[in-house]
Engineer: 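The structure follows.
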Amino acid sequence: MRRTCMFALAMYSCLVGRTAPAQMTAYSDDKVKAQFVEAGMFCHAELIKGAHRRAIMMAGYDTNRFARILRELAADNTNETAHAIRNLAVYKTPESLPFLYSYATNAVYGAKALKAVFAIEGVNSNSVAATCGYLTVTNAFTQQMDYDRSDVCEWLLKEVSTSPSLAYLKPSCLNAAVDYAQNISIMHKSLDGAICAADPTYRHSKRRLAVMRSAQNRCWNPMLTNYVANAINELVAYPEANLPD
(Lines give C-alpha, C1' and ligand atoms only; values in the text may rest on other atoms or scores of the structure.)
Protein backbone atom coordinates (compact mmCIF):
# COMPACT_ATOMS: atom_id res chain seq x y z
CA MET A 1 0.00 0.00 0.00
CA ARG A 2 2.78 2.42 0.92
CA ARG A 3 4.61 1.63 -2.31
CA THR A 4 1.38 2.26 -4.30
CA CYS A 5 0.83 5.64 -2.61
CA MET A 6 4.43 6.66 -3.20
CA PHE A 7 4.12 5.71 -6.86
CA ALA A 8 0.86 7.66 -7.21
CA LEU A 9 2.37 10.76 -5.63
CA ALA A 10 5.42 10.45 -7.83
CA MET A 11 3.20 10.29 -10.89
CA TYR A 12 1.27 13.33 -9.71
CA SER A 13 4.49 15.27 -9.19
CA CYS A 14 5.51 14.30 -12.69
CA LEU A 15 2.22 15.60 -14.08
CA VAL A 16 2.57 18.90 -12.26
CA GLY A 17 6.16 19.23 -13.39
CA ARG A 18 5.20 18.61 -17.00
CA THR A 19 2.46 21.24 -17.02
CA ALA A 20 4.37 24.52 -16.77
CA PRO A 21 6.83 24.13 -19.66
CA ALA A 22 4.16 22.64 -21.88
CA GLN A 23 1.82 25.59 -21.70
CA MET A 24 3.21 27.16 -24.88
CA THR A 25 2.76 23.95 -26.87
CA ALA A 26 -0.16 23.50 -29.26
CA TYR A 27 -1.82 20.13 -28.78
CA SER A 28 -4.08 18.35 -31.23
CA ASP A 29 -7.59 17.30 -30.28
CA ASP A 30 -6.44 13.68 -30.23
CA LYS A 31 -3.72 14.53 -27.70
CA VAL A 32 -6.26 16.25 -25.47
CA LYS A 33 -8.59 13.26 -25.74
CA ALA A 34 -5.79 10.91 -24.81
CA GLN A 35 -4.95 13.00 -21.76
CA PHE A 36 -8.61 13.04 -20.66
CA VAL A 37 -8.81 9.26 -21.05
CA GLU A 38 -5.62 8.92 -19.00
CA ALA A 39 -7.19 10.98 -16.20
CA GLY A 40 -9.97 8.42 -15.90
CA MET A 41 -7.46 5.63 -15.33
CA PHE A 42 -6.20 7.01 -12.02
CA CYS A 43 -7.81 6.09 -8.72
CA HIS A 44 -6.12 8.76 -6.57
CA ALA A 45 -8.20 11.97 -6.35
CA GLU A 46 -5.22 14.29 -6.66
CA LEU A 47 -3.93 12.42 -9.68
CA ILE A 48 -7.33 12.63 -11.36
CA LYS A 49 -7.57 16.38 -10.70
CA GLY A 50 -4.01 16.91 -11.92
CA ALA A 51 -4.63 14.97 -15.10
CA HIS A 52 -7.85 16.89 -15.77
CA ARG A 53 -6.06 20.19 -15.22
CA ARG A 54 -3.44 19.12 -17.72
CA ALA A 55 -6.14 18.17 -20.25
CA ILE A 56 -7.81 21.59 -20.09
CA MET A 57 -4.37 23.23 -20.26
CA MET A 58 -3.61 21.21 -23.39
CA ALA A 59 -6.84 22.60 -24.86
CA GLY A 60 -5.44 26.09 -24.30
CA TYR A 61 -7.85 26.73 -21.42
CA ASP A 62 -10.53 27.11 -24.08
CA THR A 63 -13.62 25.63 -22.43
CA ASN A 64 -15.62 25.72 -25.67
CA ARG A 65 -12.94 23.70 -27.45
CA PHE A 66 -12.57 21.34 -24.52
CA ALA A 67 -16.33 20.73 -24.33
CA ARG A 68 -16.40 20.02 -28.07
CA ILE A 69 -13.59 17.51 -27.63
CA LEU A 70 -15.49 15.85 -24.80
CA ARG A 71 -18.62 15.58 -26.93
CA GLU A 72 -16.66 13.98 -29.74
CA LEU A 73 -15.02 11.58 -27.31
CA ALA A 74 -18.35 10.65 -25.77
CA ALA A 75 -19.84 9.88 -29.17
CA ASP A 76 -16.82 7.93 -30.44
CA ASN A 77 -15.87 5.97 -27.33
CA THR A 78 -18.69 4.59 -25.22
CA ASN A 79 -16.20 3.68 -22.48
CA GLU A 80 -15.74 7.44 -21.97
CA THR A 81 -19.32 8.63 -22.51
CA ALA A 82 -20.34 8.81 -18.85
CA HIS A 83 -17.05 10.44 -17.85
CA ALA A 84 -17.35 13.03 -20.61
CA ILE A 85 -20.99 13.87 -19.85
CA ARG A 86 -20.19 14.42 -16.17
CA ASN A 87 -17.48 16.89 -17.19
CA LEU A 88 -19.80 18.71 -19.58
CA ALA A 89 -21.81 19.58 -16.46
CA VAL A 90 -18.66 21.16 -15.02
CA TYR A 91 -17.75 23.33 -18.01
CA LYS A 92 -21.36 24.38 -18.69
CA THR A 93 -21.06 25.42 -22.32
CA PRO A 94 -24.44 26.15 -23.96
CA GLU A 95 -23.10 24.57 -27.17
CA SER A 96 -23.28 21.21 -25.36
CA LEU A 97 -27.05 21.37 -24.90
CA PRO A 98 -28.13 19.75 -28.20
CA PHE A 99 -25.71 16.89 -27.54
CA LEU A 100 -26.96 16.43 -23.97
CA TYR A 101 -30.61 16.56 -24.99
CA SER A 102 -29.92 13.81 -27.51
CA TYR A 103 -29.00 11.57 -24.54
CA ALA A 104 -31.91 12.65 -22.35
CA THR A 105 -33.97 9.49 -22.91
CA ASN A 106 -31.03 7.11 -22.89
CA ALA A 107 -31.41 4.39 -20.27
CA VAL A 108 -27.70 4.40 -19.44
CA TYR A 109 -26.79 8.08 -19.68
CA GLY A 110 -30.12 9.91 -19.35
CA ALA A 111 -29.75 10.91 -15.69
CA LYS A 112 -26.22 12.23 -16.19
CA ALA A 113 -27.22 14.10 -19.34
CA LEU A 114 -30.18 15.77 -17.65
CA LYS A 115 -28.11 16.77 -14.64
CA ALA A 116 -25.69 18.41 -17.07
CA VAL A 117 -28.60 20.17 -18.81
CA PHE A 118 -29.82 21.52 -15.46
CA ALA A 119 -26.29 22.66 -14.62
CA ILE A 120 -26.11 24.63 -17.88
CA GLU A 121 -29.56 26.16 -18.28
CA GLY A 122 -31.44 25.34 -15.09
CA VAL A 123 -35.06 24.26 -14.88
CA ASN A 124 -37.21 25.51 -17.75
CA SER A 125 -39.92 24.20 -20.05
CA ASN A 126 -37.38 22.45 -22.28
CA SER A 127 -35.50 20.65 -19.51
CA VAL A 128 -38.78 19.68 -17.82
CA ALA A 129 -40.18 18.27 -21.07
CA ALA A 130 -37.00 16.26 -21.55
CA THR A 131 -37.21 14.92 -18.01
CA CYS A 132 -40.87 13.98 -18.43
CA GLY A 133 -39.90 12.07 -21.57
CA TYR A 134 -37.11 10.33 -19.69
CA LEU A 135 -39.58 9.20 -17.02
CA THR A 136 -41.74 7.45 -19.61
CA VAL A 137 -38.97 5.30 -21.09
CA THR A 138 -39.74 1.62 -20.53
CA ASN A 139 -36.44 0.15 -21.75
CA ALA A 140 -34.74 -2.29 -19.40
CA PHE A 141 -33.25 -0.34 -16.49
CA THR A 142 -30.98 -1.81 -13.86
CA GLN A 143 -31.79 -0.99 -10.25
CA GLN A 144 -28.98 1.57 -10.20
CA MET A 145 -30.18 3.20 -13.41
CA ASP A 146 -33.72 3.46 -12.06
CA TYR A 147 -32.38 4.85 -8.79
CA ASP A 148 -30.58 7.56 -10.80
CA ARG A 149 -33.75 8.25 -12.77
CA SER A 150 -35.81 8.52 -9.60
CA ASP A 151 -33.17 10.82 -8.13
CA VAL A 152 -33.56 13.23 -11.07
CA CYS A 153 -37.34 13.12 -10.71
CA GLU A 154 -37.22 13.79 -6.97
CA TRP A 155 -34.76 16.67 -7.39
CA LEU A 156 -36.94 18.27 -10.05
CA LEU A 157 -40.07 17.96 -7.92
CA LYS A 158 -38.33 19.78 -5.09
CA GLU A 159 -37.14 22.55 -7.42
CA VAL A 160 -40.55 23.28 -8.95
CA SER A 161 -42.24 23.04 -5.54
CA THR A 162 -39.93 25.39 -3.65
CA SER A 163 -39.19 28.03 -6.30
CA PRO A 164 -42.12 30.41 -6.93
CA SER A 165 -40.78 31.28 -10.37
CA LEU A 166 -41.07 27.62 -11.38
CA ALA A 167 -44.60 27.07 -10.08
CA TYR A 168 -46.03 27.00 -13.62
CA LEU A 169 -44.01 23.83 -14.28
CA LYS A 170 -45.21 22.00 -11.18
CA PRO A 171 -48.42 20.40 -12.62
CA SER A 172 -46.61 18.74 -15.53
CA CYS A 173 -43.82 17.54 -13.23
CA LEU A 174 -46.29 16.09 -10.73
CA ASN A 175 -48.28 14.31 -13.44
CA ALA A 176 -45.11 12.80 -14.89
CA ALA A 177 -43.87 11.75 -11.45
CA VAL A 178 -47.17 10.06 -10.53
CA ASP A 179 -47.34 8.23 -13.87
CA TYR A 180 -43.73 7.13 -13.43
CA ALA A 181 -44.39 5.96 -9.87
CA GLN A 182 -47.50 4.04 -10.91
CA ASN A 183 -46.23 2.36 -14.04
CA ILE A 184 -42.43 2.15 -14.05
CA SER A 185 -40.44 3.10 -10.96
CA ILE A 186 -39.01 0.51 -8.58
CA MET A 187 -37.84 3.12 -6.06
CA HIS A 188 -41.22 3.61 -4.42
CA LYS A 189 -40.30 4.90 -0.97
CA SER A 190 -38.12 7.88 -1.86
CA LEU A 191 -40.24 8.85 -4.85
CA ASP A 192 -43.45 8.54 -2.86
CA GLY A 193 -42.02 10.85 -0.22
CA ALA A 194 -41.00 13.39 -2.85
CA ILE A 195 -44.47 13.43 -4.42
CA CYS A 196 -46.12 13.80 -1.00
CA ALA A 197 -43.80 16.70 -0.18
CA ALA A 198 -44.53 18.41 -3.49
CA ASP A 199 -48.31 17.94 -3.21
CA PRO A 200 -49.69 17.55 0.35
CA THR A 201 -53.11 16.51 -1.05
CA TYR A 202 -51.53 13.42 -2.57
CA ARG A 203 -50.74 11.63 0.72
CA HIS A 204 -54.38 10.73 1.41
CA SER A 205 -55.80 10.37 -2.08
CA LYS A 206 -57.15 7.80 -4.48
CA ARG A 207 -54.25 8.65 -6.79
CA ARG A 208 -51.72 7.49 -4.22
CA LEU A 209 -53.70 4.34 -3.44
CA ALA A 210 -53.75 3.43 -7.13
CA VAL A 211 -50.00 4.00 -7.34
CA MET A 212 -49.29 1.87 -4.27
CA ARG A 213 -51.48 -0.97 -5.54
CA SER A 214 -49.71 -0.92 -8.89
CA ALA A 215 -46.31 -0.75 -7.19
CA GLN A 216 -46.83 -3.95 -5.19
CA ASN A 217 -45.66 -6.15 -8.04
CA ARG A 218 -42.44 -4.18 -8.54
CA CYS A 219 -41.09 -4.17 -5.00
CA TRP A 220 -37.66 -5.75 -5.02
CA ASN A 221 -36.81 -5.93 -1.31
CA PRO A 222 -38.69 -6.47 1.99
CA MET A 223 -38.37 -2.81 3.03
CA LEU A 224 -40.20 -1.61 -0.07
CA THR A 225 -42.76 -4.41 0.19
CA ASN A 226 -43.57 -3.41 3.78
CA TYR A 227 -43.64 0.30 2.94
CA VAL A 228 -46.11 -0.18 0.11
CA ALA A 229 -48.27 -2.60 2.13
CA ASN A 230 -48.43 -0.20 5.07
CA ALA A 231 -49.37 2.70 2.80
CA ILE A 232 -52.16 0.66 1.23
CA ASN A 233 -53.49 -0.43 4.62
CA GLU A 234 -53.49 3.15 5.87
CA LEU A 235 -55.31 4.46 2.83
CA VAL A 236 -57.88 1.66 2.76
CA ALA A 237 -58.64 2.30 6.44
CA TYR A 238 -59.26 6.00 5.75
CA PRO A 239 -61.81 4.60 4.55
CA GLU A 240 -61.13 4.26 0.84
CA ALA A 241 -64.54 5.55 -0.22
CA ASN A 242 -63.86 8.85 1.54
CA LEU A 243 -60.49 9.47 -0.08
CA PRO A 244 -60.38 12.51 -2.35
CA ASP A 245 -59.20 12.06 -5.89
Side-chain angles (χ1 to χ4, degrees), residues 29 32-45 47-49 51-53 55-56 59 63-160 163 166 169 172-173 176-177 179-181 184-187 190-191 194 220:
D29 289 355
V32 178
K33 289 177 184 177
Q35 177 61 31
F36 182 80
V37 171
E38 180 182 342
M41 296 178 180
F42 294 118
C43 57
H44 192 284
L47 278 177
I48 295 171
K49 291 178 183 177
H52 278 158
R53 284 195 293 268
I56 187 66
T63 55
N64 288 323
R65 180 193 175 198
F66 191 56
R68 173 183 58 77
I69 290 171
L70 292 182
R71 295 193 298 270
E72 292 175 1
L73 182 61
D76 295 340
N77 186 344
T78 54
N79 289 332
E80 298 298 326
T81 302
H83 188 197
I85 289 176
R86 280 195 297 268
N87 277 269
L88 289 174
V90 174
Y91 294 99
K92 302 179 182 179
T93 58
E95 293 80 5
S96 295
L97 286 171
F99 171 86
L100 293 168
Y101 273 114
S102 73
Y103 278 90
T105 56
N106 185 286
V108 180
Y109 307 113
K112 295 178 180 63
L114 285 168
K115 287 178 180 179
V117 166
F118 291 132
I120 295 170
E121 67 174 359
V123 178
N124 57 33
S125 57
N126 289 334
S127 56
V128 165
T131 305
C132 291
Y134 178 51
L135 297 178
T136 66
V137 176
T138 56
N139 292 352
F141 277 72
T142 65
Q143 287 181 4
Q144 182 60 51
M145 289 176 191
D146 197 63
Y147 176 86
D148 293 339
R149 179 160 59 163
S150 186
D151 184 55
V152 170
C153 180
E154 293 162 29
W155 178 87
L156 182 59
L157 281 176
K158 183 176 180 180
E159 289 295 303
V160 299
S163 301
L166 300 177
L169 295 169
S172 59
C173 290
D179 286 345
Y180 168 56
I184 300 172
S185 171
I186 60 174
M187 298 302 298
S190 59
L191 181 61
W220 55 272

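Keep in mind that what you see is a predicted model, and the values were worked out from it rather than measured.
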Engineer: If you count heavy atoms of other groups shown closer than 6.0 angstrom to OH of Tyr101, is the number above 12?
Structural biologist: yes

Engineer: Is a side-chain donor or acceptor of Ser127 paired with a backbone partner of Gly122 at a separation under 3.5 angstrom?
Structural biologist: yes

Engineer: Say you draw a straight line from CG of Leu70 to CG of Leu88; how long is it, rounded to the nearest 0.5 Å?
Structural biologist: 5.0 Å

Engineer: Hey, are the side chains of Val160 and Val123 touching, using non-hydrogen atoms and a 4.5 Å cut-off?
Structural biologist: yes

Engineer: Do you know the tightest heavy-atom contact between Leu169 and Ser172?
Structural biologist: O-OG, 3.0 Å

Engineer: Whether the side chain of Tyr134 engages the backbone of Ala111 through a donor-acceptor N/O pair (distance < 3.5 Å, no angle test) should be reported.
Structural biologist: yes

Engineer: In the structure I gave you, are the side-chain heavy atoms of Ile85 and Phe99 within less than 4.5 Å of one another anywhere?
Structural biologist: yes

Engineer: Which heavy-atom pair separates Ala67 from Ser96 by the least distance, and what is that distance?
Structural biologist: CB-OG, 3.8 Å

Engineer: Quick one: pull up CD in Glu159 and CG in Leu166 and give me the separation to the nearest 0.5 Å.
Structural biologist: 7.0 Å

Engineer: In terms of side-chain heavy atoms, does Asp146 have a donor or acceptor partner in Tyr180 at a distance below 3.5 Å?
Structural biologist: yes

Engineer: Less than 4.5 Å apart, any side-chain heavy atom of Lys33 and any of Asn77?
Structural biologist: no

Engineer: Please name the pair of heavy atoms, one in Ile184 and one in Val137, separated by the smallest distance, quoted to 0.1 Å.
Structural biologist: CD1-O, 3.9 Å

Engineer: Drop me the distance from Ile69's CD1 to Thr63's OG1, to the nearest 0.5 angstrom.
Structural biologist: 11.5 Å

Engineer: Which value, rounded to the nearest 0.5 Å, describes the distance between Leu135 atom CG and Cys173 atom SG?
Structural biologist: 9.0 Å

Engineer: Are Arg68 and Asp29 packed together at the side-chain level, in the sense that at least one heavy-atom pair is separated by less than 4.5 angstrom?
Structural biologist: yes

Engineer: Kindly indicate whether the side chain of Thr78, heavy atoms from C-beta on, has any atom under 4.5 Å from the side chain of Val108.
Structural biologist: no

Engineer: Are Met145 and Asn139 side-chain neighbours, meaning at least one heavy-atom pair lies under 4.5 Å?
Structural biologist: no

Engineer: Any idea which heavy atoms bring Ala119 and Ala89 closest together, and the distance?
Structural biologist: CB-O, 3.7 Å

Engineer: With side chain to side chain contact (heavy atoms under 4.5 Å, CB included) as the criterion, how do Arg71 and Thr93 come out once you've worked through the C-alpha distance, each side chain's angles and the decisive distance to 0.1 Å?
Structural biologist: CA-CA 11 Å; Arg71 295 193 298 270; Thr93 58; 4.0 Å; yes

Engineer: Shortest non-hydrogen contact from Ala55 to Phe36?
Structural biologist: CB-N, 4.2 Å

Engineer: Is any side-chain heavy atom of Phe118 closer than 4.5 Å to a side-chain heavy atom of Leu156?
Structural biologist: yes

Engineer: Just do the side chain to side chain contact (heavy atoms under 4.5 Å, CB included) check on Val117 and Leu97 with the steps written out, would you?
Structural biologist: CA-CA 6 Å; Val117 166; Leu97 286 171; 4.3 Å; yes

Engineer: If I take atom CD from residue Gln143 and atom CE from residue Met187, how far apart are they, to the nearest 0.5 angstrom?
Structural biologist: 8.0 Å

Engineer: Can you give me the closest heavy-atom contact between Ser185 and Ala181, atom names plus distance?
Structural biologist: CB-CA, 4.1 Å

Engineer: Under 4.5 Å between any side-chain heavy atoms of Asp151 and Lys115, yes or no?
Structural biologist: yes

Engineer: What distance do Glu38 atom CD and His52 atom NE2 have between them, rounded to the nearest 0.5 Å?
Structural biologist: 10.5 Å

Engineer: Go through the steps for Tyr109 and Arg86 under the test side chain to side chain contact (heavy atoms under 4.5 Å, CB included), then give the verdict.
Structural biologist: CA-CA 10 Å; Tyr109 307 113; Arg86 280 195 297 268; over 6 Å; no

